[in-house]
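Report on the following structure.
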Amino acid sequence: MDDQLSRVFSALADPIRRDLVVRLTTADATVGELAAPHNVSLQAISKHLKVLEGSGLVTRSRDAQRRPVHLEAEVFDLMTKWIERYREQAESRYRRLDSVLADLADEESSRKKAT
Amino acid sequence: MRTLEATIEAVPDLPLIRISREFDATPDQVQRAHTDPELFARWIGPDSRTTVIEVWDARTGGAWRYTNTNCDGDVQTFFGSFHLVRPGRMTQTFTWGGMPDGVSLETVTFEALPGGRTRLSATSLVDSIEGRDAILRSGMDLGMREGYAKLDALLADGR
């Protein structure tokens with residue numbers, strides 16, 4: 001395992017930092033926005049963000065006043081994993097559709113029997 | 001040979017996602033599960049969420065809107081229009097309420113296969129690569145929690 005990958009793994013070994021990353025998958029966010037759902041201080045969140053920054057997982061823009069935190073998703077090459085996860089979600093959705101269609105077939109055959 | 005699992009294609013430099021899947025039902029039945037609100041609400045899921053259809057007019061030019069609520073009361077809204085609905089083909093716009101400026105164009109085709117089966121092909125055309133990636137990333141939330149719970153255990157064992 002190379003150093004960056006182990007930094008990423010250990011950065012993600014903490015549940016709060018994982019929550020921060022999950023939150024950042026939706027959109028960039030400020031430290032305040034990231035801290036809001038957590039019962040910890042802004043300072044604690046900043047510390048966690050430093051660890052995430054150290055791993056290269058997130059960056060913070062220098063220019064903007066809000067200095068939003070940005071997820072550098074490519075760092076751990078999540079694209080393939082995202083796609084697979086998305087596919088798995090679609091597959092589980094279609095398995096539910098399979099069972100709806102099976103019910104539908106049952107309903108139709110019992111209606112045919114009734115008439 | 002039946003394709004048991006959904007296949008996916010995401011062209012890296014195009015804002016496109018394609019999914020294909022076969023079903024043991026006729027094209028008419030599979031399409032009805034997309035146009036009948038009662039049937040649709042039963043499978044669109046996910047399992048952990050309750051789907052409530054709020055607006056539903058599955059005709060060309062009609063509109064749709066539904067909400068998805070989990071046990072914590074977190075509500076997600078999705079809405080769009082039925083741009084085209086005809087036997088074998090539907091085109092809809094799709095927007096997630098959390099990103100109201102983002103819109104994707106979803107085309108689903110229902111193709112008859114031998115033995116009364118159907119091949120469903122769904123193409124999502126998103127308005128930007130970033131939007132496409134956001135959609136793909138949205139699938140990560142649950143999986144990440146599960147995946148990293150395993151990683152936690154692994155790290156706890158190893159150290």
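- Considering only heavy atoms from C-beta on, A:E88 stays 4.5 Å or farther from B:E5 through its side chain.
- Each of B:F40 and B:V55 belongs to its own hydrophobic cluster when Ile, Leu, Val, Met, Phe, Trp and Tyr are linked at side-chain heavy-atom distances under 4.5 angstrom.
- Residue-level contacts of residues 102-111 of chain A with chain B, in order of numbering, are A:D103, A:L104, A:A105, A:E107, A:E108; threshold 4.5 Å between heavy atoms.
- Under the 4.5 Å side-chain heavy-atom criterion for grouping Ile, Leu, Val, Met, Phe, Trp and Tyr, B:F79 is not connected to B:I53 through any hydrophobic cluster.
- Below 4.5 Å, heavy atoms of chain B meet no heavy atom from residues 30-39 of chain A.
- Contact annotation: the side chain of B:D24 never approaches that of A:L101 to less than 4.5 Å [non-hydrogen atoms, C-beta and beyond].
- Under the 3.5 Å distance criterion, the side-chain polar atoms of A:R96 are matched with a main-chain donor or acceptor of B:I44.
- B:L113 and B:V30 fall into different hydrophobic clusters, where Ile, Leu, Val, Met, Phe, Trp and Tyr are joined by side-chain heavy atoms under 4.5 Å apart, directly or via other members.
- One hydrophobic cluster holds both B:I17 and B:M99 under the rule that ILVMFWY side chains link at heavy-atom gaps under 4.5 Å.
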Check against side-chain contact (heavy atoms from CB on, under 4.5 Å), B:H34 and A:L97: CA-CA 9 Å; B:H34 284 73; A:L97 176 52; 3.9 Å; yes

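- A distance of 6.5 Å separates CZ in A:R95 from CZ in B:R21, rounded to the nearest 0.5 Å.
- The main-chain N or O of B:G45 is never found under 3.5 Å from a side-chain atom of A:R93 such that the two would form a donor-acceptor pair.
- Grouping the Ile, Leu, Val, Met, Phe, Trp and Tyr side chains by contacts below 4.5 angstrom, directly or via other members, places B:L39 with B:V108.
- Here the OH atom belonging to A:Y94 is positioned 4.5 Å from the CG atom belonging to B:L120, to the nearest 0.5 angstrom.
- In this structure, B:R42 places its CZ atom where more than 12 heavy-atom neighbours from other residues, nucleotides or ligands lie under 6.0 Å away.
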